[in-house]
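Heads up: the structure comes next, in structure tokens.
Computed from heavy atoms alone, side chains included, the values below leave out hydrogens, waters and symmetry copies.
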Amino acid sequence: MTDNANFELSERLRAGIGSFVRRTRECAGTPSDARSETLGLLDRKGPLSAAMVAKARAVTHQSARKVLSDMEVEGLVTGEPSPRDGRERLYRLSEDGMVELRQSRSARTRWIAIQLENILDKDDRETLAAAIVLLERIASSGSG
């Protein structure tokens with residue numbers, strides 16, 4: 001495949017995945033926002049400081065700190081002093097935060113499962129399963 005064909009395929013993949021994610025969130029009633037992104041990040045990465053959350057989400061430190069503070073008041077995260085630097089707080093998901101995250105993920109998974117059943121036939125689902133393996137391979141590659 002030529003460099004141009006690879007670029008075009010990459011653009012179609014990026015756009016298609018983006019559309020799929022947006023449509024799934026919209027139809028499942030789980031729109032992406034700072035809170036849902038932060039819950040997912042804390043679940044994947046474990047305890048993080050506001051600075052780490054800001055960097056991972058590409059937002060300002062103040063913005064991340066505000067979201068984390070609000071979520072702590074709501075009981076979705078807990079914060080504690082960092083053992084490395086007592087001036088820094090590390091945040092982790094609380095049980096309520098995990099419940100909210102699971103409910104959101106479950107709603108999206110249910111919507112996708114219904115679409116797979118209603119739109120794709122058996123052969124399409126097998127093709128999709130093979131494509132997922134390829135996407136996982138790309139995502140786990142060491143090159144950044």
Side-chain angles (χ1 to χ4, degrees), residues 1 3-120 124-144:
M1 191 174 268
D3 285 347
N4 193 36
N6 273 332
F7 186 82
E8 289 175 17
L9 180 61
S10 299
E11 177 57 24
R12 287 182 56 211
L13 179 62
R14 183 204 59 75
I17 289 172
S19 294
F20 176 80
V21 168
R22 285 187 297 277
R23 181 77 173 146
T24 299
R25 286 185 183 280
E26 174 190 334
C27 291
T30 60
S32 181
D33 60 11
R35 186 164 101 172
S36 66
E37 289 178 16
T38 302
L39 287 173
L41 182 63
L42 290 173
D43 182 49
R44 289 187 306 276
K45 303 285 186 177
L48 298 172
S49 68
M52 294 167 162
V53 169
K55 182 177 181 183
R57 291 194 48 243
V59 298
T60 66
H61 183 267
Q62 294 85 353
S63 175
R65 193 169 14 145
K66 169 81 169 103
V67 168
L68 287 163
S69 176
D70 291 349
M71 290 171 64
E72 189 171 21
V73 168
E74 294 175 48
L76 299 175
V77 300
T78 59
E80 57 194 41
S82 168
R84 205 175 35 123
D85 179 353
R87 297 170 296 170
E88 180 179 66
R89 288 178 65 76
L90 293 180
Y91 295 89
R92 69 180 72 239
L93 285 179
S94 68
E95 187 58 37
D96 287 348
M98 184 53 79
V99 167
E100 182 171 313
L101 183 62
R102 281 188 198 125
Q103 288 173 342
S104 178
R105 287 176 174 168
S106 179
R108 292 191 302 271
T109 299
R110 273 192 309 276
W111 183 82
I112 294 168
I114 290 167
Q115 303 318 301
L116 296 180
E117 182 66 30
N118 292 339
I119 297 170
L120 302 182
D124 289 338
R125 288 191 298 270
E126 288 174 3
T127 300
L128 180 59
I132 290 168
V133 171
L134 298 177
L135 290 172
E136 290 170 340
R137 188 182 334 156
I138 293 168
S140 67
S141 75
S143 60

Sub-3.5 Å donor-acceptor pair from the side chain of [X] to the main-chain atoms of [Y], do we have one?
| X | Y | value |
| --- | --- | --- |
| S82 | E88 | no |
| S36 | S32 | no |
| S19 | G16 | no |
| R105 | L101 | no |
| S69 | R65 | no |
| E72 | G79 | yes |

For residues [X] and [Y], report the shortest heavy-atom separation together with the two atoms involved.
| X | Y | value |
| --- | --- | --- |
| A64 | A50 | CB-O, 3.5 Å |
| R57 | E37 | NE-OE1, 3.1 Å |
| S49 | L90 | N-CD2, 3.6 Å |
| Y91 | L68 | CD1-CD1, 3.7 Å |
| R22 | A15 | NH2-O, 4.5 Å |
| A107 | T30 | CB-CG2, 4.1 Å |

Check your understanding: Does R35 reach the side chain of E100, with side-chain heavy atoms less than 4.5 Å apart?
Key ->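 They are in contact (side-chain heavy atoms under 4.5 Å apart), so the answer is yes.
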Check your understanding: In terms of heavy-atom contacts, does CZ of R23 have more than 12 from other residues, nucleotides or ligands at under 6.0 Å?
Key ->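 12 or below, so no.
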Exercise for review: Report, as yes or no, whether the 6.0 Å neighbourhood of atom CG on D85 holds more than 12 heavy atoms from other residues, nucleotides or ligands.
Suggested key: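 Enclosed: over 12 neighbouring heavy atoms sit under 6.0 Å from CG of D85.
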Value rounded to 0.5 Å, distance of [atom1] in [X] from [atom2] in [Y]:
| X | Y | atom1 | atom2 | answer |
| --- | --- | --- | --- | --- |
| R44 | L93 | CZ | CG | 10.5 Å |
| D96 | E74 | CG | CD | 10.5 Å |
| R110 | T24 | CZ | OG1 | 13.0 Å |
| D33 | L39 | CG | CG | 8.5 Å |
| E95 | T78 | CD | OG1 | 11.0 Å |
| H61 | M52 | NE2 | CE | 10.5 Å |

Review point. Between T127 and D124, is a side chain to side chain donor-acceptor pair (under 3.5 Å) present by the stated rule, with each step listed?
Key: CA-CA 5 Å; T127 300; D124 289 338; 5.4 Å; no
Practice item. Would you check, one step at a time, whether the test side-chain contact (heavy atoms from CB on, under 4.5 Å) holds for L128 with L116? Key: CA-CA 10 Å; L128 180 59; L116 296 180; 3.5 Å; yes
Exercise for review: Applying side-chain contact (heavy atoms from CB on, under 4.5 Å), run through L76 and T38 and close with a yes or a no.
Suggested key: CA-CA 10 Å; L76 299 175; T38 302; over 6 Å; no
Practice item. For the pair S104 and R108, evaluate side chain to side chain donor-acceptor pair (under 3.5 Å) and give the outcome as yes or no after the intermediate values. Key: CA-CA 6 Å; S104 178; R108 292 191 302 271; 2.5 Å; yes
